[in-house]
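In what follows, a single structure is set out as C-alpha cells and then discussed.
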Protein chains: 2
Amino acid sequence: MTTPDAAAPPPLPDVILHAREFARRGLEEVLARLHPDLARICGYYFGWNDAEGTATNRRGSRTLQAAMVMLAARATGQDEAAAAPGAAAVELTHNFSLLHDDIADGDEIRRDRPTAWVAFGTGPTLVAGDALFNEAVRLLAATQAATTAVSVFTDGVAHMIHAWASEPAFDRTDPLDISLDAYLECCRGKGGALLGTGAVLGTVLCGKPAQDGDLLRRAAHHAGTAWQAVNDLENIWGNAALVGKPGFQDLRLRKHTLPVITAMQSQHPHTRHLRQLLAQPAPDDNALQTTADLLEELGGKAATERVAQHHLTQALATLDEASLPKAVHEDLAELLQFTVTRRPSPHGRRA
Amino acid sequence: MTTPDAAAPPPLPDVILHAREFARRGLEEVLARLHPDLARICGYYFGWNDAEGTATNRRGSRTLQAAMVMLAARATGQDEAAAAPGAAAVELTHNFSLLHDDIADGDEIRRDRPTAWVAFGTGPTLVAGDALFNEAVRLLAATQAATTAVSVFTDGVAHMIHAWASEPAFDRTDPLDISLDAYLECCRGKGGALLGTGAVLGTVLCGKPAQDGDLLRRAAHHAGTAWQAVNDLENIWGNAALVGKPGFQDLRLRKHTLPVITAMQSQHPHTRHLRQLLAQPAPDDNALQTTADLLEELGGKAATERVAQHHLTQALATLDEASLPKAVHEDLAELLQFTVTRRPSPHGRRA
C-alpha cells in the first residue's frame, strides 16, 4: 500500500492526450444526464471528483481504447471528429468494466483509492456500471453510422464478456491441465477486445467499411494479449506504487495466471515444491516471496515475458501490413507499445 | 419460506403465452452463443434449468414486457413477427435487471429458489447480467429498424436506471420529507419504463414511427406505477407462497415504501408510535406484525391500494384513447390488468 500520489505515473503519449480531448465532450454529456448519485460514482473513476463529489484532477484510466478509436479514424483519411462519440463510448465501456470487475473480484484498491463498491456500496456501483454501458450504446446510436457502430460495439463487448466468463475456470483447473491457447484467448478478449473494437469503431464512424479496420483490430488484439501477460507479471512482481495494487496480489488470490501455468508446465523437478507452496492456506509475505522466487527459477517469469514480447512484435508486424501514412503509423506503433509497456516509447514524438 | 411449488402461481393469459413463443427463439439464440457458464445462470432465471444445468420447466418471469411488444406490434396492423427480436430484447433486459437487482439488494430468494448470486457467486452473476443486456442490444441492432429500435431501447433503459438510482435515497430520508410525486416517478421508472419501452419497440419494429406507440407507452407507465404500489403492498402483507419472498420483507429492510410514506404523512396521532416501531433495531415477526397492523390502522394500506387503483384506471383510460381494433384493445386491457394484479381477468379470453 502507498500513500496517494507517492509515485507519479509515467507521462502519457500525445496520442492519448489528444484522444482524451475528443472523448471528454461525450463523457461530460453523459455525466450531465445521469442521476447525480451515479454521476458521482462515475466521475470518481474518471478521476474528476472524490468520493464526496468535490472536483479533483486525479489519474483516471489511460484512455488507450479512445486513442485507438481516434487513430483508426485518422487512418481513414477522413475528419477524425466523426469518431469522437466512439472514443467516448469505449472509454465509458472501459470504466463500466472496471466498476463491475472490482465488484466481481472483490478488489478494494484501485489507483491508490478505495474501489467504488467500497466507497459507494455494491448496489449503486453496479447500477453506475450498467448506466455507463447503456450510455455508450446511446452515444453510438446517435451517430450517422449508428447501425454498423452499434453492431461492431456489441460484438466486441460480447467478445470481452466471453473472456470474463472463461476466466474463473482457470483458477479451478490444475495448472498442468490448462491449455495455453485457451488462456491466451482469454487474454485476447480481456485485454484486446475493447481495444480492437475501438479500431473498427474509428473506421466505421468515419464512413468506411468495418473490414478497413481489420488489420488494426488484429494488431490491437495482439497488443492486448501482450498487455495481459505484462499484467500477470505486474500482479506478482509489480511495483505496488506504480500499479496501485498490493504486491503478490495474484498469488494471494491463488490465481492460475501465465507465470504459474508456464512454471508448472515446465517439467522442472521443483514443480512439486511449487505445487505445495501454491496450496498454502494463508501465506504471509515471506512465503509469497518464496513462491515468486520459485516461479522465476522455474522459468514462469521468463516465459511470460516471452509471450508479451512475441505478441507485441506481432502487433507491430500486423500494423506494418496496413500500409498507412508515416505519421499515423508512428502514432499507432507508439500506442501499441504504450498499451503493453504503459511507458512512452523513447522514439515517440512528445509535446 | 415455503417448499418449492407449494403454491402454484395463477395461470397466465393467452397474450403472454403467445408472446413467449415469439420471444423464445431470440432467447435460445442468445443462450446458444453465450459462454456456457453464463448460459447456465441465465437459463436458471428463465426457468429452463436448475443450478447444475439440468433442464427443468419452472416458473420464469411473467414475460409482461414481451407481451406488450407483441400487442403493440399487432396494434400497428403489420405482421407482428417483425417485433419478435423486441420481445426477446425486453425479456433479456428484464432478466438482466433481476440478476443485478438481486445482487444490489442482497436478496437471497427468488421464485422459491436461491437467487443467482447465492447459487453461482456475485462475479459470474454480475457478468451474466451484463451479457444479457449486451445481447438485448445485439438483437435490436440486427433488425430492419435498428437505429430507431436501439435508441428507443437505450432511452427506456436510461429511464429505468434513473429510477434504480433514485431509490436508495428514499430509505435514507425521513418519510415525512419524501415527496409522493418523486416516489411515484420512481415507481413509474422501475415498474413502467421497460413495459413502456416494449410498447414503442413493438411499434417501430413494425415500421411505424415511435410516436404511434406513445399512448400505449403512457398506459404502460400507469400500469407499471400501479404494479409498484401493489408490490409495496405484497412486500409487507403479501402471501409469501405466492410472491416467493418472505413476509414483511420491506419492513425488515426498513424500506420507506408507499404504505410507510402515506401512513407517516397521515397526521394520525399514532404516527409517533409508528416511528418508534420502524426504528426497532432487530424486530421479530410479532413486532413486524404489530407494525403492519399499525400501518393499516393509519391508512397506509388503503392509500397504497387507492394509488394502485387510480393508476390502473388511468392505464385503461389511456388505452381507450388509442382507438384500436376491439380484439387488440381487449388483449391490451387484459395485459395492463394482469400487470397490476398478476391474476388473469375474469373477462379475459382464455385458451
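Model, not experiment: these values are computed from the prediction.
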Exercise: identify the closest heavy-atom pair between B/Gly123 and A/Ala104:
CA-CB, 3.6 Å

Just one of B/Thr154, B/Val150, B/Thr147 clears the side-chain contact (heavy atoms from CB on, under 4.5 Å) bar with A/Val150, so which one?
B/Val150

Is any side-chain heavy atom of [X] closer than 4.5 Å to a side-chain heavy atom of [Y]?
X        : Y        : result
A/Ile161 : B/Leu38  : yes
A/His100 : B/Val127 : no
A/Asp130 : B/Phe96  : yes
B/Ser166 : A/His35  : yes

Please flag which part of [X] lies under 4.5 Å from any non-hydrogen atom of chain A: side chain, backbone, both or neither.
X        : value
B/Asp155 : both
B/Asn134 : both
B/Glu167 : neither

Flag if over 12 foreign heavy atoms under 6.0 Å of CD, A/Gln144
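Incorrect, the count does not exceed 12.
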
Given the options B/Ala131, B/Ala165, B/Gly106, which has more heavy-atom pairs under 4.5 Å with chain A than any of the others?
B/Ala165

Quick check on the interface: out of B/Met160, B/His162, B/Arg138, who has the most heavy-atom pairs with chain A under 4.5 Å?
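The option with the most such pairs is B/Arg138.
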
Please determine, among A/Thr122, A/Asp37, A/Val137, A/Thr148, the option with the most heavy-atom pairs under 4.5 Å with chain B.
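Option with the top pair count is A/Val137.
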
